[in-house]
Each structure stands twice: as C-alpha cells, then as structure tokens.
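All values below come from the heavy atoms of this structure, side chains included, with hydrogens, waters and symmetry mates left out.
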Amino acid sequence: MAAASSSSCGGAGCGAHCSSSTSSAAEDAPEVGLGRLSISGASASCGKCGGGAVVVVAGGVGLCGECLRAQLFGKFKLAVTSNAMVRPTDSVLVAFSGGPASRVALQFIHEMRSKAIGSWDASNSQALPVFNVGVAFVDESVLLSMPECEVELATEDIKSIVSSLLPGDKAMHIASLDDVFSSESNSKDGEDRLRELVGMITDDTGREDLLQCLRMLSLQKIALENGYTKIMLGSCASTIACHVLSATVKGQGYSLPADIQYVDARWEVPVVLPLRDCLAQELSLLCEFDSLKTQQLLDRPCGGINGLIASFVARLREENPSREHTIVRTAQKLKPFPFNKFSANGYHDFLPSRLRPKFQHVDSDEPAFSEVLCLICRSPFSESELQNLESTRHNSQKKIDLYTACCCQSCHVQILPGGRNLYDHFFSLLPKFWTERVDTASASHSSLRDQIEDYLLEDDDDGN
Amino acid sequence: MQSAAAPTRAGSRLCKRCGERKAALKRPKTLEQICRECFYIVFEDEIHQTIVDNNLFKAGERVAIGASGGKDSTVLAYVLSELNKRHKYGLDLFLLSIDEGITGYRDDSLETVKRNELQYGLPLKIVSYKDLYDWTMDDIVKAIGLKNNCTFCGVFRRQALDRGAALLKVDKIVTGHNADDIAETVLLNILRGDIARLSRCTFITTGEDGPIPRCKPFKYTYEKEIVMYAYFKKLDYFSTECIYSPNAYRGFAREFIKDLERMRPRAILDIITSGENFRISTTTRMPEQGTCERCGYISSQKLCKACVLLDGLNRGLPKLGIGRTAKVGARADGSGEQQGKRAERNRLSLQGKHGNLDF
C-alpha cells in the first residue's frame, strides 16, 4: 500500500497528502506552537551550539531552531544520498499536500537543487546535469463538502507557496482525484464515477484506504505524463509509525515492510521517502521556526481504524516521545522486498566508484520475487493469498473471480463491497489502469481457453 | 398489539446458523445472531479445529491445564475435558495451580479450582511459592512494596508451572491465553521493538526445545466469547482481579484492542495473522538457551531470572535483577531507551493479566 501518504498520521505534521484533522496553519500562532515544545526553563541554551534558545528537545538534547534545522536537513540529505534516491539525470516530483512534512520535503529538495545548480555553474566541465524538481498537488475537494471559493483560495495558496521558491522554475501540477478515471473512453463522468465507487464501500477505513490508493495512482499518472522519474513523499516517522500499526491491525503483516522503506520501486515511477527518520512534531516546528507556509484546509479528517490508531499513537507519544521511532525501528527489522532498492542495471553508475560497491552487492540467496501485487493496494501477496490466486486461476473461468482473487485479504475485507453480486459493478468502476493489469496477465490463460471453448459444457460466464 | 408484533420480531431473529431456534446472542467474533446451542457448537468446534489443525496433542499424552480459577482457565478445563471425551483425544488431563500466597485473592480462587477438580473430575496439583522459594507474594510485597512486584510474580510463576508440570510428569502444559492476549502481545512487542519476541509470540506451541512444551488452544478464541460461554454454561469461576495489581488489565494496548474490537471485530484475528506473517529474517538472534547453574532450570544467562530475583530477596537487595536501577538519571534518548527496553524485556511477554504492562 502507499504507506507513503498514509492517511493516519497522528499529528500536525505528516505525510504528503495526509489527512490530519489538525489544520493549524503555521502562521496561526507560532509562539503558541513554539511554547508547546520548548522546555520550561526558558533560559536553557542549545545543547549543540551553546547559543540560541531551545525550541525543541530532540534525543534528550535541547536544540535551538538553527540546530534543529541542521539536524533535520542532515537526516534528509543522508537518506537521499545513502539510498541513491536522486540521480543527476532524475526529474523529481514532490507530492505536496500542503502539510508541514511535505512542505519540509519540498524545501529541502529545493535547497539541494539550488546548491547543485551553484556547483554546476562553478564547475569546469559541467559534465553531470542537475536534477529537476516539480510539484504535484492532488485535489480531493470533490469529496469534501466545501464551498468552491474556499477550495479555490486554498489551491491558490498552494500555488503561491510553490512559486515562492526561487528560482521559481518548478512546474506545478494540480490534479483532481477524479482525473484518474478521465482518460478512459467510458462515457461516465470521472467525478460521478469516483463518488459512486467510494459510495459502494461500506467500511469507513476501507474507503479511506481506497482514496489513499487512488491518490498514489493520481501521482503516478502525473509523473508518467510529465516525464518524472521519481516521486518524493513527505511521509515522516510519525506517519510511518501509524502505518505500521494500522497495517498490523488490518492483517497486512506480510506486506508491511514494502511500505516503510526509503525506496519503493514497485510502482511505474519509483517512490522515495526521505523524511522517514523525522518526527511530525519536529517538522511542524521547523515550519513554524522557518516560517514555511503550510495550507491544510483541504485535509480530510481521518476516521475509522486509521483515526483510532492516530489517537493511540498520540497517546503513546505523550507517554514517551521516542515511541514512534521505536515502532518504526521494529518494522525496519522486518525483511524488505527486492523492489525496496534500486536495482536496475547501471542505476548506480553516476555514484563515485568508492560508493558503488555498497549498492551493487547482490543478495544471491534471496529467492526470486513472485511479482504478484494486490490489484488495488499493490501489496505483495503472502503465501496463502498466492495459493488462493493459483487455485482461482486454475478452477474459475469468471473474470470477476480472478479480479477478486487478485485483491489482497485486507482489501477483500474492507474495500470490496458487501455482496458478491455487487462485485461486477464495483470492478467496472475501478480505474482501468488497475484492472488492465489483471486482464493482460490472464490473457494468455483465456486465449488457451478460447481454443477449446466449443468443447466446454458450462454456460458462457466469461461475461465482460 | 404486542402479541401481533411478537411473532414478526421473533421471526426476524431466528438463529442464523440453524434457522430453527430463536437467536439469543450476537457472536462477538462475527456479529452473527445465533442461538445458545449453536454458540456452544461453534465455540467448541473452533477449538477442536485449532487442536486438530495444529496437532497440539498425541493420544496417550499427559496434559496439565494451567488453572488459576479465572474464566479463561476454567473454560479451558471444561472444554478440553469435554472435547477429550467427545473426540477421543485419549489425553490424561490434570489441573495445575500455582499458589502465589496472596491472601484474599489466590486462596479464594484456589477454592474455585478445588471445586472444579470435583466438577470435572480432573486431578489437581497445587504448587506454592512458599514451598518452592520460601517466599509468598505477601512477603515479597511486604519487602519490596507494590512496585515491580509483578516482575517477581511473573518470573516465579513461569518456573513454578514448569516445576509443577515436572512433578505431574506431564508431556505438555496448556494455558488459557486467548486471542485478545496474543493480539496485545503482538502490539506490545512492536511498541517496544522486540523483534525476537515478535517472531514467536504468535506460536501456538512454545518451548518445544525445552523439557515441557506449552500450548494455547484458545489462540483464536475471543475473550468475550469465553466470558459468554462461561456465563451461559454457568461455569464456576473466580473473577476478582489480583489485589496487588488491580489495574494490570488496563494497559494502553489492552484498551486500544477493546476499542478496535468494537470498530471491527475481526481486527483481533487480523493482528494475529499479521503476527504470523511478519517477514522476520531467520537470522534474528534468539537468546541462547542454557541451564541455570544453581537450579538447573532453562536460562539464557548463567543464573536463571528466578534465582537472580530470589537471591536479591534473600540478600535484602530486592532491586537486583529488576534492571531499571542503574543510571536512572541517564534516561536520555539512546541509553535510556536501551535501558528501558532491557527492563521491559526482563518482564514476561505473555503475562498480560498479571504483568505490569502499563509500560
């Protein structure tokens, strides 16, 4: 699943396109925000540089704003470089939700690029190009009951935030969530189709999770259409901690490690999470300190199980501020999937030769990956789900059965509609991009069937 | 008017399973409305299925049921003796109780177990802390107060169960840990970063490398259903909480699981499924199993935990082995976290109801 932009975030600052209900824009009251995290003895000075007043206590050491910034930027940069997230030839699409976490991601990658341009200008050979950055915003106001003028204002705000980053050469892509249906010949309007699809899901949590998947699809679409090679999300440690728990609770223990790594290359355009080690609180504090403008008006409150987990994690955080890190660390110890690193031939060629061996080490005893991913949420299939799929492939001729078997257990429970008789309609509403994949995979099997069709005694049930 | 309305109401609430009798309850696990008889059937059948699917027992084995007198172990004793007869498992069942020496709590619950002995016709063996360690929990609390007392109780109980089982010469111990307990343990192990425990806390049988394996036939049985079964069957059980740890039940995680269950009953099973499917690399280091130099009990250290704690008690240093003592001031990030983790690890992972899990 797109952990990346997990909807349960448990805090003010959270992943790209997070739907935190706490929509305190940074400019609201910076003093209050700073006061919240500062230690009581206001006279304390920064434990790192000795100067500056402490604004946050991170890792037991009080830090001043500058040092907090340096620390967060250091984490970001380390994540980017040590995982070879961005190559000089890359074009990076930052998924900006308007929230603090993706705002910081945008700021940091912008700074890295500015610096790279500086050194490019100064270098003699100008051999390596400088990566490109674009920004995407997925507009979900279709599903919100909000006056249009407010939506427009918020969108304008988002645009102005992006254009304020100088040099202002960043392309801005704003896509409505229903755009994922638009490219299809189906006569139905995308908006209606989205509403109908969402309305068919009875489970609150399932509805939220489906939107999450659509959001990722939307980002992928923007990236593919505009030639981006990476998608950068602002998922931070707090978001990921919530995702770890929610995946556990939804029975997705097997696929969980796929969602929480720095690199997630199972998508057409790989996704990277450079803020994985930063807490939401620190990120929103940085936004306040650096007066980075955020815009969270269009966030949807998260409910259902995701909401419950968000409040549970918030409680844990009160009791122990580093609990979120511990949760992420636990999940990090689970075995990631082969697609959680860049492995394409020649991918690491741009790296200095001394660093290259680190990435080119191939784990030979790793079994080949089966490549079976859930139709909806793209989580890798566990053993039992694979078995079920195999037996369906062999025994059933109905396409609907195949679609159903291609959904993971969790999507089955919380996303597929109540009665089996509704499945036909449900799958016909899904973006073709998803169902096509199954169609292609099953094409070989059904072409065999076509050849023996005349000799089969069952009713024609291969419907659509 | 009432009489006219009655049949339609009754008709709409027929048991979903048999379609004959009136539905008497909503099954906590599935929210199906079923009758009492069908509830007994599905409840017992699920446990039987768990036992068969996991090959928990072999014919002719001697099995000790860890009996505290509480609802879980009482229902376990009842159901297991029923299933043993019905499906001819061929097991020799025993009740094994531990007397921690808690006046006003354990003495009363042991009375319940003694009645169960007669009701179900299962021989009972009681092992007491007093006999094994020469300390009762009352003495221990007198010596160390109400902090950390659960650590002592948990460590001692684990060993006492094994010793009692050895005295009974049984092949297996079964405990009443239910699905809620296991889901809670999965969550706690995630919260505290204990990957080794996370990997084995969903095992239905543990300690197979040790002398006496333990298994949990209630692994997939919901606590609410156990209570319901005990209630409808009017089983004789003891439902008071331990006087030394009245709030042990109310850890964050427990509360969270209850909320979760209200929202989506199957979430408990989903957590267990997640726990079973976690991709934990087989190289995850497990503590190496050795034996205690002093008492010969299994231990990963030179001395087993019980001996260390007992040593502390006898030498008047009750904080020995508790783990939180050193460098209290240094609860800063790295070392503090490490220390906390170590201290938590020292507690037993599956003592949800007895251990102090309020971390």
Side-chain angles (χ1 to χ4, degrees), chain A residues 47 57-61 203-206 241 244-258 303-309 311-313 315-316 318-337 363 366 380-385 409-410 413-414, chain B residues 30 183-199 201-202 251-285 329-338 340-341 344 358-359:
Chain A
V57 180
V61 186
D203 188 290
D204 288 346
T205 319
V244 170
L245 294 185
S246 73
T248 306
V249 161
K250 291 168 193 163
Q252 297 166 323
Y254 178 79
S255 63
L256 168 64
I305 288 179
N306 299 331
L308 181 69
I309 286 170
S311 56
F312 178 57
V313 171
R315 242 179 103 185
L316 291 173
E318 273 168 35
E319 164 261 351
N320 179 352
S322 60
R323 187 65 72 191
E324 287 160 329
H325 279 313
T326 314
I327 296 173
V328 176
R329 226 174 303 132
T330 315
Q332 254 170 274
K333 290 178 199 156
L334 302 174
K335 233 161 85 189
F337 290 85
D363 202 355
E366 204 166 74
F381 268 28
S382 68
E383 197 59 45
S384 66
E385 286 162 334
Q409 194 56 43
S410 169
V413 172
Q414 59 170 14
Chain B
T30 57
E184 182 186 332
T185 314
V186 170
L187 276 185
L188 285 177
N189 283 328
I190 293 177
L191 297 188
R192 57 167 78 126
D194 192 337
I195 197 81
R197 282 233 164 74
L198 185 60
S199 68
C201 68
T202 47
F252 280 167
R254 196 81 189 177
E255 231 173 85
F256 171 67
I257 287 184
K258 289 288 161 221
D259 290 343
L260 203 58
E261 189 187 4
R262 232 167 281 135
M263 216 174 256
R264 182 187 286 179
R266 65 167 288 147
I268 292 179
L269 287 181
D270 282 340
I271 294 176
I272 298 177
T273 312
S274 284
E276 289 168 341
N277 290 342
F278 277 138
R279 290 162 52 94
I280 295 172
S281 107
T282 39
T283 54
T284 304
R285 218 169 57 89
R331 252 198 88 70
D333 180 48
S335 61
E337 175 81 0
Q338 279 293 319
K341 267 198 316 208
E344 275 166 343
D358 283 338
F359 52 88

[X] side, atom [atom1]; [Y] side, atom [atom2] - distance, nearest 0.5 Å:
X        : Y        : atom1 : atom2 : value
B/Met263 : A/Ile309 : CE    : CD1   : 9.0 Å
B/Asp270 : A/Gln414 : CG    : CD    : 9.0 Å
B/Asn277 : A/Leu334 : CG    : CG    : 11.5 Å
A/Ser311 : B/Asp259 : OG    : CG    : 8.0 Å

- Using the ring of B/Phe256 (Phe, Tyr or Trp, six-membered ring only), decide whether A/Arg315 places NZ or CZ under 6.0 Å from its centre and within 45 degrees of its axis.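 So A/Arg315 doesn't make the cation-pi contact.
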Where on [X] is there a heavy atom nearer than 4.5 Å to chain B: the side chain, the backbone, both, or neither?
X        : result
A/Ala247 : backbone
A/Ile327 : both
A/Asp204 : neither
A/Val328 : neither

- Segment of B/Leu198 engaging chain A (4.5 angstrom heavy-atom cut-off):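 Interface part for B/Leu198: side chain.
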- Part of B/Ile257 lying under 4.5 Å from any heavy atom of chain A: neither
Side chain [X], main chain [Y], donor-acceptor under 3.5 Å:
X        : Y        : value
A/Thr248 : B/Ser274 : no
A/Lys335 : B/Phe278 : no
A/Arg323 : B/Leu191 : yes
B/Arg279 : A/Pro336 : yes

- Query: Using 30° and 60° as the class limits, which term best fits the ring planes of B/Phe252 and A/Phe312: parallel, tilted or perpendicular?
  - Reply: perpendicular
- Query: Minimum heavy-atom separation for B/Ile190 to A/Val244, with atom names?
  - Reply: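 Shortest heavy-atom contact: CG2-CG1, 4.0 Å.
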- Note on the structure: Residues A/Thr326 and B/Arg192: closest non-hydrogen pair is CG2-C, 3.8 Å
- Item | Side-chain heavy-atom pair B/Arg264, A/Asp203 within 4.5 angstrom cut-off |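 Side-chain contact under 4.5 Å: yes.
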